[in-house]
Protein chains: 2
Amino acid sequence: MDRCAPNRSPGCPVEGALDVIGGKWKGVVMYHLLDGTKRFNELHRMMPGVTQRMLTRQLRELEADGLVHREVYAEVPPRVEYSLTAKGDTLRQIILALKAWGETHVPYYAYDKKQNPERLKA
Amino acid sequence: MDRCAPNRSPGCPVEGALDVIGGKWKGVVMYHLLDGTKRFNELHRMMPGVTQRMLTRQLRELEADGLVHREVYAEVPPRVEYSLTAKGDTLRQIILALKAWGETHVPYYAYDKKQNPERLKA
DNA sequence: ACCCATAGTGTCATTTTGTATACTAATGGA
DNA sequence: TCCATTAGTATACAAAATGACACTATGGGT
């Protein structure tokens with residue numbers, strides 16, 4: 001295996017990838033968006049643990065990294081739709097792999113899988 | 001796609017998996033350990049950006065999560081060897097996928113790959 | 001007139017993460 | 001005798017990530 005480059009903070013490609021999806025909620029946001037376009041509050045309802053502010057930030061960062069597309073409709077009440085970009089979609093297999101791994105290796109989910117043995121593909 | 005569970009902080013399997021390898025240095029540590037057993041300072045030299053303290057912390061967390069095995073030899077000077085556990089090795093494909101993704105999608109590395117087009121497998 | 005909803009923003013507090021620096025103990029080498 | 005090495009720990013501190021909570025504008029319903 002090759003050495004991991006001169007290595008400062010974004011020293012490794014591994015680290016670079018993790019910087020992009022490693023935010024506390026980014027993985028989950030991406031996961032939900034795999035399923036298709038979602039509005040802001042739709043995402044929010046799917047992730048009750050996150051505050052509006054954090055969700056906004058994470059979405060903005062994902063947008064800045066080119067993984068998520070933000071479409072604003074000039075309506076009242078406001079409507080904003082989020083979807084994966086082509087680049088974002090390149091993470092699909094990784095997100096699904098993380099989900100599968102979490103389901104089999106994070107104790108908290110192990111039981112859940114037995115009761116709900118759906119295929120691990122979207 | 002299924003709803004993401006009652007969803008508190010470790011609400012998603014995706015999030016659970018990310019908690020485990022999402023630490024700032026954990027991905028890189030795991031990546032280096034894919035290659036085989038390493039001593040503390042060996043890892044440290046491979047990641048000049050990390051302080052001893054952080055490296056220690058990340059290794060302890062990985063150990064606590066059962067991904068890394070820590071073997072202490074009662075010698076002088078001290079010797080401690082780190083290696084992947086069987087559970088840790090289940091992340092191999094994911095780490096390699098993250099590396100491949102980083103190399104093609106994180107701008108910083110894109111050029112690097114052209115100059116060094118090694119196979120993306122270990 | 002009052003309340004609801006949307007997609008946020010502003011302010012502040014707390015938690016997590018990271019850094020710097022000095023310290024340890026036993027041994028081998030100069 | 002002094003210094004380097006190993007794999008850390010202790011203490012103190014700074015910075016970044018995250019969280020709680022109140023607030024906004026607009027229009028529709030009652």
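The chains referred to below are lettered A, B, ... by the order of the sequence lines, with proteins before strands, and numbering in each begins at 1. Predicted, not measured: the structure shown is a model, and the values here were computed from it.
- Put simply, NE2 on His44(B) and CE on Met54(B) are 11.5 Å apart, with the number rounded to the nearest 0.5 Å.
- Relative to the side chain of Gln58(A), the nucleotides dT18(D), dA7(D), dA22(D) differ in distance, and dT18(D) lies closest.
- Between Pro78(A) and Thr56(A), the residue anchored closer to the 5' end of DNA chain C is Pro78(A), taking for each the nucleotide with the nearest heavy atom.
- Looking at which nucleotide of DNA chain D each of Gly23(A) and Tyr82(B) is closest to, the 5′-most match is held by Tyr82(B).
- Listed by first and then second residue, the ring pair (Phe, Tyr, Trp, His ring centres under 6.0 Å) pairs that reach into residues 49-106 of chain A are Trp101(A)-His105(A), sequence neighbours excluded.
- Whole-Å rounding puts the Glu63(B) CD to dG8(D) C1' distance at 13 Å.
- Rounded to whole angstrom, the span from the CZ atom of Arg39(B) across to the P atom of dT6(D) amounts to 7 Å.
- Taking the salt bridge (charged side-chain N to carboxylate O under 4.0 Å, His left out) definition, one finds that Glu81(B) meets it with Arg79(B), sequence neighbours left out.
- Proximity of Arg39(A) to Asn41(A): side-chain heavy atoms (C-beta onward) are nowhere separated by under 4.5 Å.
- Atom pair Asn41(B):CG and dG8(D):P shows a separation of 9 Å (rounding to whole Å applied).
- Cluster membership for Val72(B) and Leu59(B), using ILVMFWY side-chain heavy atoms within less than 4.5 angstrom, is shared.
- No donor-acceptor pair closer than 3.5 Å links the side chain of Glu63(A) to the backbone N or O of Val68(A).
- Between chain B and DNA chain C, the heavy-atom contact criterion of under 4.0 Å yields a 5' to 3' nucleotide range of dG18(C) to dT27(C).
- Protein atom CD1 of Ile21(A) is 16 Å distant from nucleotide atom P of dA17(D), rounded to whole Å.
- Note on Glu61(A): nothing from the nucleic acid sits closer than 4.0 angstrom, heavy atoms only.
- Arg45(B) meets the side-chain hydrogen bond (donor to acceptor under 3.5 Å, both in side chains) test with no other residue; sequence neighbours excluded.
- Rounding to the nearest 0.5 Å gives a distance of 9.5 Å between CZ of Arg70(A) and CZ of Phe40(A).
- The nearest whole Å value for the distance from the CZ atom in Arg45(B) to the P atom in dT6(D) is 6 Å.
- At dA17(D), none of the side-chain N or O atoms of Lys24(B) fall inside 4.0 Å of OP1 or OP2 (strictly under the cut-off).
- For the pair His32(B)/Glu42(B), no side-chain contact is recorded, criterion being any heavy-atom separation below 4.5 Å from C-beta on.
- In this structure, Arg57(A) reaches the bases: a heavy-atom distance under 4.0 Å links it to at least one base atom across the strands shown.
- To the nearest angstrom, P of dT6(D) lies 13 Å from CZ of Arg79(B).
- Here dA20(D) presents its P atom at 12 Å from CD of Gln52(A), a figure rounded to the nearest Å.
- Rounded to an integer number of Å, the gap from CD of Glu81(B) to P of dG8(D) is 12 Å.
- Note that CG of Leu91(A) is 5.5 Å distant from CD1 of Ile21(A), once rounded to the nearest 0.5 Å.
- Stem list for DNA chain D (at least 3 consecutive Watson-Crick or G-U pairs, distances under 3.5 Å): C:1-5 with D:26-30, C:7-24 with D:7-24, C:26-30 with D:1-5.
- The two atoms that bring Leu55(A) and Val50(A) nearest to each other are N-CG2, 3.8 Å, heavy atoms only.
- Across all strands shown, Arg53(B) has heavy atoms under 4.0 Å from base atoms, whether or not it also approaches the sugar-phosphate.
- Contacts with DNA chain C (heavy atom under 4.0 Å) in residues 69-77 of chain A: Arg70(A), Pro77(A), listed by number.
- Using a 4.5 Å cut-off on side-chain heavy atoms (C-beta onward), Val80(A) and Glu71(A) make no contact.
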